[in-house]
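Heads up: the structure comes next, in structure tokens.
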Amino acid sequence: MARIENYLLGMDCGTTNIKAIILAEDGTVVAEASRPSKFLSPGPNMQEQDAHEWWDNTVEIFRTLTSKAGEDIVKRIRGISVSSHTVTMLPVDKEGNPLRNAMTYQDDRSAAELHYIVDTIGFDRFVEIVGGQPAVAFLPNKLLWFKKNEPELFAKTACFLQASSYINFKLTGKMTTDIDQASRTQCLDISTMKWSKEIGDVIGIDLDEVLPNPQLVNDIIGFVTEDAAKATGLIAGIPVVAGCSDAMASMYATGMSRLGEAGESSGTTSLVFVGSDVKSAPDIPVVTKPCAIDGMPWIFDAPIQTSGAALKWFIETMAAEERAYAEAHNKNIYTYLNELALESKPGAGGLFFFPYLLGERAPLWNEYARGMFIGMGMDMKRSDLVRSVFEGTAYALRHVMETVKESGAKANVLRICGGGAKSRTWSRIKASMLKMPVYLLDEKSGDVPVGDALIVGHKVGVFPDLTKAVENIVKVNEIIQPVDEWVEVYDKLYPYYVDMYKHLDVDLKNLKNTVDSIF
């Protein structure tokens, strides 16, 4: 058997855990490790994480990996790529020391600042600059909130970093950012791919001074320093690339390598990707971002806020009867819900579930959207309720895909990785809802750090032909075809899903404002 000469290290700093792997050039994962990440909620609508914990966890993870792999393999690690959740606001001083906890994309405290920015610039002009719908998850409003509310810390700030950028700094000593995450901040002018002076002027911050110059996802930004090597067990001098968001790494992990394919990283949230050979207009609900895959210069990247989270919420709050049955019969609750959903007919007897439990990102971009059941009747069965949750998340997926197709992309198949790929029932519903075959990937193939490893492997020459590498590494477990009877039903019902929300949009916004004023 031929000796494997090349290994790669991929790591993802996710919102709930940090995970990393060492991947051999033949696709074998030779070592993996993870650590949980804590959320801090210092007040209403506040979500933070401690950057020191990111690095502490990274050190523990890398030490575990190097110990498992052994010195011989560690010496043959050819490159490192780190991805992370985004958008994050982490201010650091000139030595790179964090000045406060990082504010994550889930932090909503700066809604007033967002409205000020959009009102000052004008909605249409703001969308034209950033190429997306304004939302509190992004960076301009967080920067303005920080400047207004913590001026002493703001005055000490030399740079704002993303989670992966901070880890890269600790590895290389370089403060950088990647073009993928830069394009998601809503501080970048997508027409010039430079930081927007217009947005900077409105918030009173020179963005060129406090945000690093964006670099390509696969640009080598530096090398593991001697200090970082001592801390982690790695070898000094290993190249580190700029990296990307967990969304972009997830796209690589789905094995997308050619136009005509769509990907879904189906976990707590869903990240949906569709490649494009043309750049989209900036004033549509889902826009293209730069992509480093050969032959796929642009990617539609559409996050859905709650998919797996909606199912988990249902289990925890409404499925006591199902939990008791599953426990009594020694069944996994998710397996039982899959079976129960099939006892209901497609369309769940006219019951719709809207999975907007945390608002919605693509294609609504509304923090005030709310979860709803519509269509309940006295004849409703428990199985209808269960099926409606599966179908509601699939309607949300179709809403994204229809929006992307209207914007110029094409998709003939959907590749699914993550926890959602374990559900055949859910996948049959998605295949029928989208009218396309669904490729279910094996659990290792869809791992985000695998995507990171593919990115850096292509850059350093370990995987010169990315399409071939994907075919060898990303395995398809099963292909699920649409069910003709279900397709017909969903085609008739889908317009109601879209229209009913549109009719309630203003009322939901006013309701949230009223509720916020009461509570």
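Just so you know, these numbers come straight off a predicted model, no measurement behind them.
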With the side chain counted from C-beta on, respond yes when [X] and [Y] share a heavy-atom pair under 4.5 Å apart, and no when they do not.
| X | Y | value |
| --- | --- | --- |
| F314 | V386 | yes |
| C187 | L211 | yes |
| C291 | W298 | no |
| D206 | V210 | no |
| F39 | Q106 | yes |
| K194 | D189 | no |
| I299 | M256 | yes |
| K197 | L207 | no |

Would you please name every residue forming a ring-ring contact (aromatic ring centres under 6.0 Å, His included) with [X], sequence neighbours left out?
| X | answer |
| --- | --- |
| F300 | none |
| F169 | none |
| H399 | none |
| Y490 | none |

Minimum heavy-atom separation for [X] to [Y], with atom names?
| X | Y | value |
| --- | --- | --- |
| S427 | V438 | O-CG2, 4.0 Å |
| D507 | H503 | OD2-O, 4.4 Å |
| I199 | P140 | CG2-CB, 4.0 Å |
| T425 | A341 | CG2-CB, 4.1 Å |
| P212 | W195 | O-NE1, 3.0 Å |
| I179 | V217 | CG2-N, 4.2 Å |

Without hydrogens or angle criteria, can the side chains of [X] and [Y] be said to hold a donor-acceptor pair below 3.5 Å?
| X | Y | answer |
| --- | --- | --- |
| W426 | T393 | yes |
| E48 | S41 | no |
| T176 | Q215 | no |
| Q49 | S37 | no |

- Decide side chain to side chain contact (heavy atoms under 4.5 Å, CB included) for L337 and E322; before the verdict, give the C-alpha distance in whole Å, the side-chain angles of both, and the deciding distance to 0.1 Å. CA-CA 8 Å; L337 290 182; E322 287 74 22; 3.9 Å; yes
How would you list, by chain and number, every residue that makes a salt bridge (Lys or Arg N to Asp or Glu O under 4.0 Å) with [X], sequence neighbours excluded?
| X | value |
| --- | --- |
| E113 | K148 |
| K422 | E443 |
| K509 | none |
| K410 | none |

- Do we get R100 above W145's six-membered ring, with its NZ or CZ under 6.0 Å from the centre and within 45° of the axis?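 Not satisfied by the 6.0 Å and 45° rule.
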- Message: Counting neighbours of OH on Y116 that are heavy atoms of other residues, nucleotides or ligands and sit closer than 6.0 Å, is the number greater than 12?
- Response: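 Not buried by this count: 12 neighbours or fewer within 6.0 Å.
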Distance in Å, [X] [atom1] paired with [Y] [atom2], rounded so as to fall on 0.5 Å steps:
| X | Y | atom1 | atom2 | result |
| --- | --- | --- | --- | --- |
| M103 | D108 | CE | CG | 9.5 Å |
| E478 | R424 | CD | CZ | 4.0 Å |
| D12 | S84 | CG | OG | 7.5 Å |
| L414 | L440 | CG | CG | 9.0 Å |
| L90 | T104 | CG | OG1 | 12.0 Å |
| Q186 | F138 | CD | CZ | 4.5 Å |

Any donor and acceptor pair, going by atom type alone, linking the side chain of [X] with main-chain N or O of [Y] inside 3.5 Å?
| X | Y | answer |
| --- | --- | --- |
| T288 | S280 | yes |
| S432 | R428 | yes |
| R35 | N57 | no |
| N168 | A242 | yes |
| K142 | V136 | yes |

- Name all pairs fulfilling the side chain to side chain donor-acceptor pair (under 3.5 Å) condition that reach into residues 491-501, sequence neighbours left out, sorted by first residue then second.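 Matches after skipping sequence neighbours: Y356-Y497, N366-Y501, R398-D491, K435-D491, Y501-D505.
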- Message: The test is side chain to side chain contact (heavy atoms under 4.5 Å, CB included); show your working for Y252 and C244 and say whether it passes.
- Response: CA-CA 11 Å; Y252 278 82; C244 57; 5.8 Å; no
- Set of side-chain hydrogen bond (donor to acceptor under 3.5 Å, both in side chains) partners for D180, sequence neighbours left out: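 Testing D180 for side-chain hydrogen bond (donor to acceptor under 3.5 Å, both in side chains), a comparison that skips the adjacent residues, returns R184, S245.
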- Message: Please evaluate residues L441 and V476 with respect to the criterion side chain to side chain contact (heavy atoms under 4.5 Å, CB included), reporting the C-alpha separation (whole Å), side-chain torsions for both, the decisive distance (0.1 Å), and the verdict.
- Response: CA-CA 4 Å; L441 309 181; V476 177; 3.8 Å; yes
- Pair listing, salt bridge (Lys or Arg N to Asp or Glu O under 4.0 Å) test, anchored in residues 129-138, at least two apart: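 Sorted pair list comes back empty.
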- Charged N to carboxylate O below 4.0 Å: is that the case for K405 and E402?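 Looking at K405 and E402, the cut-off is not met.
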- Query: Salt bridge or not for K19 and D447, using N-O below 4.0 Å?
  - Reply: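 A salt bridge links K19 with D447.
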- Message: Assess the residue pair M46 and D107 against the criterion (side chain to side chain contact (heavy atoms under 4.5 Å, CB included)); give the C-alpha distance rounded to whole Å, side-chain angles, the decisive distance to 0.1 Å, and a yes or no.
- Response: CA-CA 5 Å; M46 298 181 184; D107 191 292; 3.8 Å; yes
Can you give the donor-acceptor pairs under 3.5 Å from side chains of residues 357-365 to other protein atoms, not counting sequence neighbours?
residue : atom : partner : partner atom : Å
E360    : OE1  : Q305    : N            : 2.8
R361    : NE   : Q305    : OE1          : 2.6
R361    : NH2  : Q305    : OE1          : 3.4
W365    : NE1  : P285    : O            : 2.6

